[in-house]
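When reading the values below, keep in mind they use all heavy atoms of this one structure, side chains included, and skip hydrogens, waters and symmetry mates. Everything quoted here is computed from the prediction, not taken from an experiment.
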Amino acid sequence: MSTTTPARRGRRRAPSKLQRATGKAAVLQKPRVILALLLLLGLTSVMLLDGYLRAEVGGDQRVRTGASSGDVPDDILDGGPILTFRGGEARTQSVPDKTIALTFDDGPNPTWTPEILAVLEKYDIPATFFVVGSMVSRYPAIVEDMVEDGHEIGIHTFTHVDLSYQSDARITRELTQTQLALAGAAGITTTLFRAPYSSETDAIDNYSWPVYKKLGEEGYTSVFVDTDSDDWKRPGVKKIIKWATPEDGKGASVLMHDAGGDRSQTVEALGTYIEKMKAKGYTFTTVSGALQKDDAENGQGSPGTSNPQAAHRTATGTTLYEGKALVAAVYVAEYAVPTLSVGLMVVGVAVMGRFGLMLILARRHFRERNKRRFSWGPPVTGPVTVIVPAYNEKECIANTLHSLARSTHPIEIIVVDDGSTDGTKEIAEALGYPNVRVIRQENAGKPAALNNGVRNASYDIVVMMDGDTVFEPDTVAKLVQPFADPSVGAIAGNAKVGNRDTMIGAWQHIEYVMGFNLDRRMYDLLRCMPTIPGAIGAFRRDAVLEVGGMSEDTLAEDTDITIAMHRAGWRVVYQEHARAWTEAPASLKQLWSQRYRWSYGTMQALWKHRKSLTDSGPSGRFGRVGMPLVVIFQIITPVLAPLIDVFTVYAMIFVDFQASLLAWLAVLGVQLVCAAYAFKLDKEKYRYLLMLPLQQLAYRQMMYLVLIHSCVTALTGGRLRWQKLKRTGEVGTPTGAS
């Protein structure tokens, strides 16, 4: 045994610069986690808002018919189409003779409403539009044009539901939200209301009457119909004109529609209808104009009063600002959802393409490397150095060294104790293995520990592993065989999850076998391996020194040096038969910490080596092939992958549950096939695949958040250092395959 740089004892040391930097970085993480969660919440909110606007959230298609009207006063049932509650008393008013209050329901619509407005402008005709709040919030400019052109606006609820089925809270919400939409779109509110699915006043029943009374008490005027064009049936232009024409010169509230379907017949009929009515001596006005004219004829108003937009109120204060906020949010949703849909298509193609590529290349890799005649060259039998960086590994270091002591290949073991405070060094020394050297250094991080080990290595080949990992007896012997090929500079081994009997462990086991090792087979054949796992990797010592050793520039020193080896012209391969058993994080908090470091470190490494895109010759292969694949498959696709789940949930709840569920199960089936094939290649037990559906529902979402968190950190800056995860030491030396 030998030690170097003994730790100073007997006095309390002030926090080092490294510790202060680590503490500062830790303080910055919570806001970034919150920001990552807010991004996901924002995505969900956009989807919910879009669904609500399209009446797919809380939609209610029920329409009441055939109900009794015994509670409704007869003078209301037999009265005119305008129901007011002036002075708290219900009364109806009619449209004066030779007068038409032309009304349009269900808009605004971006296609038909502007065409109808153009016809009205041509004939200088005012009309009343009963608008749906969700449509107003989606097309605010059209409503603003309506008001500027002198037309009157009324409310037709927010989601076009039959209010007789709704609670008081829902009724209030339907009207309040529409008022906010009007405030945001045109700076107004209104006192006019028309209920969806309503017609003449004689259709008021015992269920709808309380609704009209409630709204009347709140100051609303409810508007019904005298003459219905039934244009929604698309009966033809002549019938629309005929059905919209009042009888015997009577005045009428005439119903047409500017949305809700193909309104080309309405547009075509409107001009002819206006000309016909004018020829008969009719005048056109709004609902407020009809009320003012009726009041004047009955001696209840000033004869000269004429305000066709009398129902409008100027929106001010909170109502105005909330309305503008609603319109702005809808604007975002209207553009975000189509954009997200395109992103979903891209992700879907990328995900399925990746699965297909992995299956094809993994099969080819397996068949090529397992041929009886396959050989890397003459057997590599010379001794190698195994470097074990260790920081507070008292739970695991003994198991690690016990496993290495059983190695069938001659090895030298260097334990680099990185300033441990838990007796790791003493435990390693007390084992008494003759081929073990313990080097003590001040706490400087994992890259520094590995570099220290490389400098002190006695042999040309160095194997690097983690202090919580155990090797099988023949792991080193199998791992170093590719070095028989002089072009090979580094080798990635097959890392396995040792503590796989918990749910979190099983999830990571599936990920290691499918997501990591299947990927490595693909990257090996493409000669662009992005990462040699820290748990098991082998390097030519001279190659490590050539590229400057393990860098502290990134959090992913393993990815960093792997790319550096590619750029130096070395070949990096995957040795599936060399297995290492590592202790995976046992809690969600530790898992988050580990994967955050991995993903952020990968981004740092890719950015550091971005010039590989322009490298020429064999050294540029990673930049031409590996860099795009890693960016697409490990950053862009995972960041956008939540779209698949969000859209799936959206579709299940609001569109077609059965079809959406089948689509999700189909994707899960493809993943299951890939996972089963990966398990077959690694000779793993299939029973763990029972956890795959739950992994997709829970574990994968966490990985999305981790990656988003990493992206936020990359954009906002910040660094982390080598973080110590809590270990249990439960992973011992395996006796064979699982």
Legend entry - Sidechain-backbone polar pair: Arg354 side chain, Ala350 backbone, donor-acceptor under 3.5 Å: no
Inset, instruction - Look only at the side chain of Ser229 and the backbone of Ala244, and say whether a donor-acceptor pair between them is shorter than 3.5 Å. - result: no
Inset, instruction - Can you see which heavy atom on Thr178 is nearest to which on Glu174, and at what distance? - result: OG1-O, 2.7 Å
Inset, instruction - Considering non-hydrogen atoms only, spot the tightest contact between Tyr273 and Val254 and give its length. - result: OH-CG2, 3.6 Å
Legend entry - Distance (rounded to the nearest 0.5 Å) between Leu175 CG and Phe158 CZ: 11.5 Å
Legend entry - Which residues share a salt bridge (Lys or Arg N to Asp or Glu O under 4.0 Å) with Arg313, sequence neighbours left out: none
Legend entry - Taking every non-hydrogen atom, the tightest pair across Ala183 and Ala315: CB-CB, 3.6 Å
Inset, instruction - State whether the side chain of Asp258 and the backbone N or O of Trp112 hold a donor-acceptor pair below 3.5 Å, judged by distance alone. - result: no
Inset, instruction - Evaluate the side-chain proximity of Thr286 to His151: yes if any heavy-atom separation is below 4.5 Å, no if none is. - result: no
Inset, instruction - Give a yes or no answer on whether the side chain of His257 reaches the backbone of Asp231 with a donor-acceptor pair at less than 3.5 Å. - result: no
Legend entry - Test item: Arg194 side-chain N/O and Val223 main-chain N/O as donor-acceptor pair under 3.5 Å: yes
Inset, instruction - Mind listing the closest non-hydrogen atom pair of Ile240 and Ala269 along with its distance? - result: CG2-CB, 3.9 Å
Which donor-acceptor pairs under 3.5 Å do side chains of residues 65-73 form with protein atoms, sequence neighbours excluded?
unit_1 : atom_1 : unit_2 : atom_2 : d
Ser68  : OG     : Gly70  : N      : 3.3
Ser68  : OG     : Asn206 : ND2    : 3.4

Legend entry - Check: Tyr139 and Asp145 side chains under 4.5 Å, non-hydrogen atoms: no
Inset, instruction - Give, for atom CZ of Phe104 and atom CD1 of Ile116, the distance between the pair rounded to the nearest 0.5 Å. - result: 5.0 Å
Inset, instruction - Quick one: pull up CD1 in Ile100 and CE in Met277 and give me the separation to the nearest 0.5 Å. - result: 5.5 Å
Legend entry - From CE (Met256) to OG1 (Thr227), nearest 0.5 Å: 10.0 Å
Legend entry - Side chain to side chain, Val330 and Val327, heavy atoms closer than 4.5 Å: no
Legend entry - Donor-acceptor contact below 3.5 Å, side chain Thr201 vs main chain Gly79: yes
Legend entry - From CD (Gln93) to CD1 (Ile82), nearest 0.5 Å: 6.5 Å
Legend entry - More than 12 heavy atoms of other groups within 6.0 Å of Lys250 NZ: no
Legend entry - Salt-bridge present (Lys213, Glu217; N to O < 4.0 Å): no
Inset, instruction - Give a yes or no on whether the backbone of Val287 and the side-chain of Thr128 come within a donor-acceptor separation of less than 3.5 Å. - result: yes
Legend entry - Interatomic distance, Gln166 atom CD to Thr172 atom OG1 [nearest 0.5 angstrom]: 11.5 Å
Inset, instruction - Examine distances only and state if a side-chain atom of Trp507 and a backbone atom of Leu694 form a donor-acceptor pair shorter than 3.5 Å. - result: no
Legend entry - Cation-pi, Tyr165 ring and Arg64 (6.0 angstrom, 45 degrees): yes
Legend entry - Test side-chain hydrogen bond (donor to acceptor under 3.5 Å, both in side chains) applied to Thr157 - qualifying residues, sequence neighbours left out: none
Legend entry - Exercise: do Thr99 and Lys293 side chains pair donor with acceptor under 3.5 Å: yes
Inset, instruction - Sort out for me which residue in Arg173, Arg170, Gln177 forms a side-chain hydrogen bond (donor to acceptor under 3.5 Å, both in side chains) with Thr159. - result: Arg170
Inset, instruction - Would you please indicate yes or no on a ring centroid separation below 6.0 angstrom for Tyr212 and Phe224? - result: yes
Inset, instruction - For Met146 and Gln309, work out which heavy atoms get closest and say how close. - result: O-NE2, 4.5 Å
Inset, instruction - For Pro140 and Ala185, work out which heavy atoms get closest and say how close. - result: CB-CB, 3.5 Å
Legend entry - Over 12 foreign heavy atoms within 6.0 Å of NZ, Lys276: yes
Inset, instruction - For Lys278 and Tyr123, indicate whether the former's side chain and the latter's backbone hold a donor-acceptor pair under 3.5 Å. - result: yes
